[in-house]
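This one's a predicted model, so the numbers in the text were calculated from it and none came from an experiment.
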Amino acid sequence: MERLIFVLMRVVVTLKPGVQDPEGATITDSLQRIGFASVNRVTVGRHFDIEIPGRDEDRIRREVEKMCESLLVNPVLQDYHIERIQGPQPAG
Amino acid sequence: MERLIFVLMRVVVTLKPGVQDPEGATITDSLQRIGFASVNRVTVGRHFDIEIPGRDEDRIRREVEKMCESLLVNPVLQDYHIERIQGPQPAG
Amino acid sequence: MGSEPRMASWEEAGLTAKEYDEICEQLRRPPNALELGMYGLMWSEHCSYKSSLLHLEQLPTEGERVLQGPGENAGIIDLGDGLAAAFRIESHNHPSAVEPVQGAATGVGGILRDILAVGARPIALLDSLRFGNLHDSRVEHLFSGVVSGISQYGNSVGVPTVGGEVYFDDAYADNPLVNVMCVGIMSTEQLTRGTAVGPGNPVYIVGAPTGRDGIHGASLLASRQLGDGDGDMRPAVQVGDPFREKLLIEGCLEMLQSDAVIGLNDLGAAGLTSAASETAARGGTGMDIDIRAVPRRESDMTPYEIMLSESQERMLVIGRRGCEEEIEETFRRWELDAACIGKVTNDEVLSIRDGERILAHIPVQSLTSGAPRYDRPTRPPSDCAAREAGAEEIPIPHDAGDALLQMLSHPNLCSRRSIYRQYDHMVGIDTVLTPGADAAVLRIKGTERGLALVTDGNGMLCRLDPERGAAQTVAESYRNICAVGGEPLAVTNCLNFADPEHPEVMHAFQQVVQGMARACRELNTPVTGGNVSFYNQTLDRGIAPTPVIGMVGSVDDVSRCPGRGFQRPGDAVLMAGQINTAKLAASQYLNIMHGLQEGPVPEVDYDAERRAGELCRRAIMEDAVHSATDISDGGLMIAVSECGAASDEGLGCRLDLTDSRRPDELLFGEGGPRYLLTVPEDQIDTLVCLARETQCPVERIGTVGGSEVQVHVNGELILRASVPSLCRARGEGLT
Amino acid sequence: MQFCVVTYPGSNCDRDCYHVIGEVLGEPVRYLRHWAEHVPRGTSCVVLPGGFSYGDYLRPGAIAARMPVTGAIEDFAAGGGLVLGICNGFQILCEAGLLPGSLIVNDHLAFSCLPVHVRVEGDPSPFTHSLKQGEVLRMPIAHRDGNYRPPSDGAQPQVALRYCSPAGELGEDYNPNGSQYSTAAITNERGNVMGMMPHPERCAESILGGEDGMRVLQSAVDWWKEVGSYGI
Ligand SMILES: Nc1ncnc2c1ncn2[C@@H]1O[C@H](COP(=O)(O)OP(=O)(O)O)[C@@H](O)[C@H]1O
Ligand SMILES: [Mg+2]
């Protein structure tokens, strides 16, 4: 029997430029207050690490793109890009 | 007058292995439900992009490490690593 | 004067050629680009009410309890004992359609600041929502997003969301409605008007720095319909910061304890332009503002952007000269920036400067009351006759129990628990009756008294008959307040309509206002304020006319407020009011079971309404009832089922009716004031006396007991359902 | 018995706690602001109220835990003073390391505002002093991040309350947020610091549908009278 092979992709989501980031602003403030006076700005983003079976990275990337568009990313407020973290390897 | 030079560092925070990830589990579920049946697992993490003045990247990296330890990361639940996104350049 | 290259033509400012000429005339010169932009916002439909004002003048706005009527940031009514309540409702429909979470969240933020602006502490929120059919995944996305936005913002600022309503109808598929009402409480001395008086007094902008977000929100997003190019408007989407809002609330309320502050105004639609010109207009003064002093989020913002930005979580504070330090210090303690951006003047002109350079110079009255007013053409709808069709032809259901379960599990009638569970409805520890009751009741600490609050709207009725539908909406709110023992006091309203330039829409608008005006006059609930939202239309599909009423009542003794749940076996089930007039026409039964939205909408019988309301209220305040509810959407059986489902012990009841009408009409018919009361045996006499005194019919229709709802008509058992099965059905609708 | 209620920026149950302690419990109470560097002398109990300190940004309780007053509260607790963290207050105490473990997002991800039942557990603490082990209380919860996770070193915290059925049984069905072992409240080893997700101040008056919350607060007062301090 063939073992399943997985690829691990990371979707990195950031706020669109110009969109307000109250969380980032509050974190910046707090860092300054607790002694990191020089911090100029902190912005917050998130990522999704997606484990998906297959070997064909192009196909997988397109699949992940579709996931972003249908669920993971809010196109009104967020931008994203996809990074490969691990190439095909047996599931962990 | 000299212009301030900034470095942009990214702190990538991920859940420690074994920590419950209700959000990741729900997203995995939803993706499967809306047609991405093959997705094996999604985990969720976040990142902080920190703009900090200076040229000395080593010093800045140490500074950012201190921020992680004193506020940004909860060591009970989270791991982190620091990436440089942009080297020294005038503030944007 | 400075010139702004970005907007040159009146069209881009959202104005007509005639309006542009009018501006030139009032200014006695052509406006420059910045001035034109300011006019564009202030004369937009959203800010100027240019299509609606003429009609709104019909509304009754005065009453012994009214301390402040329309025109201010919120209406205020006197509660006695030196206390007053401020309240208002506002829409955030367009922003929520573009980005449901943030659109709804910032809607909550906006209405909170209106209440804060009159000097009251916000104590309650209510949300009135409309969406298309939930089977559509796009609608589902809007629905869950809106609920989560309200929950995120309201919970975080610590103002409980104590009630609201939600309906699903294809009419809202493209244009969801998100109306939020806020209620605040204050001592009567603390009434702060949004006025700028006293030339030389400093003007502050407090809270968030001004950003590029929300530019053109009022003129473009809220004052015209959504079209294919919505994507382009997306940069206007704003992200709410409830944390900063909470600090603003606490900071401003603390500031109002001292007399260092003369006036407050929120920065909402049309941002600084509107806040400055409206406070000056109310005070009969002018204002001189230096935009250099305005804190900004981005360094390269133009004066145009600064004056038109609708960035959230900002307030305009008119201080007293000499108190600058106290003002700045108080806000600093709340971690808020207070920047002095100018001063009050006596020239009745709004001057905008960049340092020494004057950028705009406009008479205040020209921006505000100078806006045009339109008497837009109206035309009754052409398909009126078709809607009068009767309900006679529809088949009588084989199994009334099945029909009941089907009705109960419909999204329009089912339990709303999955929504209000996500809202903190208890913070503030005043919520005596939580969501799920006919009206929310909040106690007033330190007294026995309380406030009863409700929102209500019915687009289906208003589409069938705008005038009667609007009157019925007011009546339904009235019933909800009476059903918890409250005395209805006053009304705020949000009028959600399609394109006012369409004569049929304008006709419905005019009819709705007329119906609402009559009902509010008859029921002695003056209108203290409101909001109009036009252009809820996508291409040629407009929403149903949807006036949403927010009503405030006063409860003399909150310890008497009953729930609607059955309490004790053996209690008599009584019906009070217009007992035998319910019809299937224009009912939820026709809508849900037969897909028919038709039939004449009944006229409100105001005498019957007042009598029944008084009976219910007095029965409650005399502690004669164990439970009370009004019978509304879905008719008698839905009300009875809700009483069973709300019973802590899972009690049912047995009803014995004598009636010759069709059973479905008897069980599910709607119309007229009807209250369902449960009364211990030894209090039945009290009810009989009250019935005589109030001249309101009361009839015993059954007895509480068992764990089933059973209905016997003329001695024959026609419906039987276990209380757990009713609960299950009610729980299914929104999952 | 002198109480202090802490107000962090974004706290929103501070006024509720203040009202209940002063008007219902009838004990002296004052506010303590986040910049304070000391807990006032004579204070017996500090209450960290619910709400959204710092907007719950970053992680609930994380920023508040780094404010000066939290350090002062740590000293106060070390000296034996009583500390009660409610909801967001519980989150702050975990973030500050005064209590072990952490509170993550509810397993169903949504905010939940509803009444639940909790069972009093065995380990002694001033806050459960007057309650019987196994007794069931009804109290409201209102949170999005109440899913308790014990520390990763395997140490088991002292549990004061667990979510349960009205009859006191434990089980998935009665656990509103996925907390490990249905944990609703824990104390530190000494027992003088307690964190709880349910809101006792929301059920301290019968007009609001119950008075079980009073029993927790009254416990602390009784304990103070009967046992006295931990030596402050
Ligand atoms: N969107 C909402 N937000 C909060 N509470 C709601 C919402 N929708 C409905 N509710 C609550 O659910 C209950 C039932 O609502 P509804 O069916 O409109 O009541 P009624 O038929 O008595 O007018 C009410 O207590 C109402 O306040
Ligand atoms: Mg009702």
Below 3.5 angstrom, are there any donor-acceptor pairs between chain D and chain A, and if so, which atoms and how far apart?
from     : atom 1 : to       : atom 2 : distance (Å)
Leu58(D) : N      : Glu23(A) : OE2    : 2.5

message: Counting only non-hydrogen atoms closer than 4.5 Å, does Ile63(D) touch chain A with its backbone (N, CA, C, O), its side chain (CB onward), both, or neither?
response: side chain
message: Within a 6.0 Å radius of atom NE2 on His38(D), are there more than 12 heavy atoms belonging to other residues, nucleotides or ligands?
response: no
field: Tyr181(D) atom OH, neighbour heavy-atom count above 12 within 6.0 Å
entry: no
